[in-house]
Amino acid sequence: LIAVNHDSDLGELYILDKNRRIDITSSRDSLNGYQKGVCFYCFSEISIIKGSPSIAQVDHFFPHILKSFNLNINLDGVWNLVLACSKCNGQSEKGAKIPSLELLQRLNDRNEYLISSNHPLKETIIKQTGNTTKARREFIQSVFNSAIEKLIHTWHPQAIGDPTF
């Protein structure tokens with residue numbers, strides 16, 4: 001199996017071959033296969049063409065700030081990356097907030113779709129999240145639970161009750 005990594009500064013996917021980094025593609029191109037030119041959050045049109053005024057931003061679904069808590073979770077993994085418009089990825093919208101349960105379900109559905117469609121990132125997502133549908137769902141739920149515990153001040157539940165999807 002190949003372990004695909006993400007460089008958030010360059011917006012590129014890469015693999016390591018004998019400790020040498022090999023760029024394999026723009027992460028925008030790979031992620032757009034599922035999103036088909038729309039923002040993951042608001043469905044507004046986005047572009048993957050460099051220089052476009054509506055260029056898609058590669059967003060960490062679970063906020064990048066969670067890395068500071070040493071949760072031992074690969075937040076740069078493809079399983080956690082989505083394309084977003086600049087408004088939704090901005091501080092006034094999602095920023096470092098924990099996404100809603102509806103969006104959590106959408107992320108899970110996206111990952112399962114990529115796995116079932118034999119997308120080139122299939123094996124990487126399986127390696128990062130689990131071998132079975134149940135294991136992957138439990139993984140995403142556990143990350144969500146950890147995020148709530150660490151960033152409770154940023155989560156605004158739409159409904160009171162058990163935060164499971």
Side-chain angles (χ1 to χ4, degrees), residues 2-16 20-69 71 73-129 136 140 143-144 146-148 150-158 165:
I2 300 174
V4 177
N5 301 294
H6 177 255
D7 183 320
S8 55
D9 293 332
L10 297 175
E12 295 176 345
L13 298 176
Y14 66 94
I15 58 173
L16 291 176
R20 188 175 61 102
R21 185 178 154 151
I22 301 170
D23 178 19
I24 57 172
T25 186
S26 158
S27 55
R28 286 186 185 101
D29 297 341
S30 298
L31 295 171
N32 192 49
Y34 176 78
Q35 292 183 226
K36 300 189 184 340
V38 297
C39 175
F40 186 82
Y41 303 107
C42 73
F43 302 109
S44 65
E45 288 189 25
I46 54 177
S47 174
I48 60 169
I49 300 170
K50 288 183 181 179
S52 170
S54 61
I55 188 76
Q57 295 183 1
V58 178
D59 179 44
H60 287 81
F61 181 85
F62 287 103
H64 196 264
I65 194 169
L66 287 171
K67 285 182 168 184
S68 65
F69 293 101
L71 299 175
I73 299 167
N74 180 8
L75 294 170
D76 290 328
V78 174
W79 70 271
N80 189 45
L81 303 175
V82 298
L83 296 180
C85 67
S86 59
K87 181 181 178 203
C88 286
N89 196 31
Q91 289 300 321
S92 64
E93 292 295 321
K94 180 185 169 286
K97 297 176 185 154
I98 302 167
S100 68
L101 291 174
E102 178 185 337
L103 292 172
L104 185 68
Q105 181 64 54
R106 190 179 305 159
L107 177 69
N108 186 67
D109 291 348
R110 189 281 309 259
N111 287 342
E112 291 302 317
Y113 172 83
L114 293 176
I115 289 167
S116 69
S117 68
N118 289 314
H119 189 278
L121 296 174
K122 170 184 179 172
E123 296 300 328
T124 297
I125 294 171
I126 290 171
K127 184 177 180 182
Q128 293 173 345
T129 61
R136 292 186 291 273
I140 288 178
V143 175
F144 184 76
S146 295
I148 289 173
K150 300 299 181 188
L151 301 174
I152 189 69
H153 64 284
T154 66
W155 185 54
H156 304 287
Q158 296 174 350
F165 74 108

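Reckoned from all heavy atoms, side chains included, excluding hydrogens, waters and symmetry mates. Because the structure is a prediction, the values reported are computed rather than measured.
The two residues L107 and F40 come nearest to each other via the heavy atoms N-CZ, 3.6 Å. Between C85 and C39, the closest heavy-atom pair is N-SG, 3.3 Å. Listed here is the closest heavy atom pair of K150 and L66: CB-CD2, 4.1 Å. Among all heavy-atom pairs drawn from L81 and G77, the shortest one is CG-O, 3.4 Å.
Between V58 and L83, the closest side-chain pair of non-hydrogen atoms falls below 4.5 Å. Residues K122 and L114 are not in side-chain contact: their nearest non-hydrogen atoms beyond the backbone lie 4.5 Å or more apart. The side-chain heavy atoms of N111 and R136, taken from C-beta on, include no pair separated by under 4.5 Å. With a 4.5 Å cut-off on side-chain heavy atoms, K97 and L151 do not count as touching. Between H119 and I125 the shortest side-chain heavy-atom distance does not fall below 4.5 Å. Between H6 and L31, every side-chain heavy-atom pair lies at or beyond the 4.5 Å cut-off.
Without hydrogens or angle criteria, Q128 side chain to V78 main chain gives a donor-acceptor distance under 3.5 Å. Looking at N32, its side chain never comes within 3.5 Å of a backbone N or O of Q35 through a donor-acceptor pair.
Heavy atoms of other residues, nucleotides or ligands lying less than 6.0 angstrom from CZ of F69 number more than 12.
The line from CG of D59 to NE2 of H64 is 10.5 Å long, rounded to the nearest 0.5 Å. A distance of 9.5 Å separates CG of D109 from CG of L104, quoted to the nearest 0.5 Å.
Contact check on E102 versus R106 returns a salt bridge, with a Lys/Arg side-chain nitrogen under 4.0 Å from an Asp/Glu carboxylate oxygen.
At a cut-off of 3.5 Å, with distance as the only test, no side-chain donor of N89 or Y41 sits close to an acceptor on the other residue.
For the side chain to side chain contact (heavy atoms under 4.5 Å, CB included) criterion with F61, the lone passing option out of I98, L75, I140, L103 is L103.
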- request: Apply side-chain contact (heavy atoms from CB on, under 4.5 Å) to I55 and I46, showing your working.
  value: CA-CA 6 Å; I55 188 76; I46 54 177; over 6 Å; no

- request: List the steps and the verdict of side-chain contact (heavy atoms from CB on, under 4.5 Å) for I73 and W79.
  value: CA-CA 11 Å; I73 299 167; W79 70 271; 3.8 Å; yes

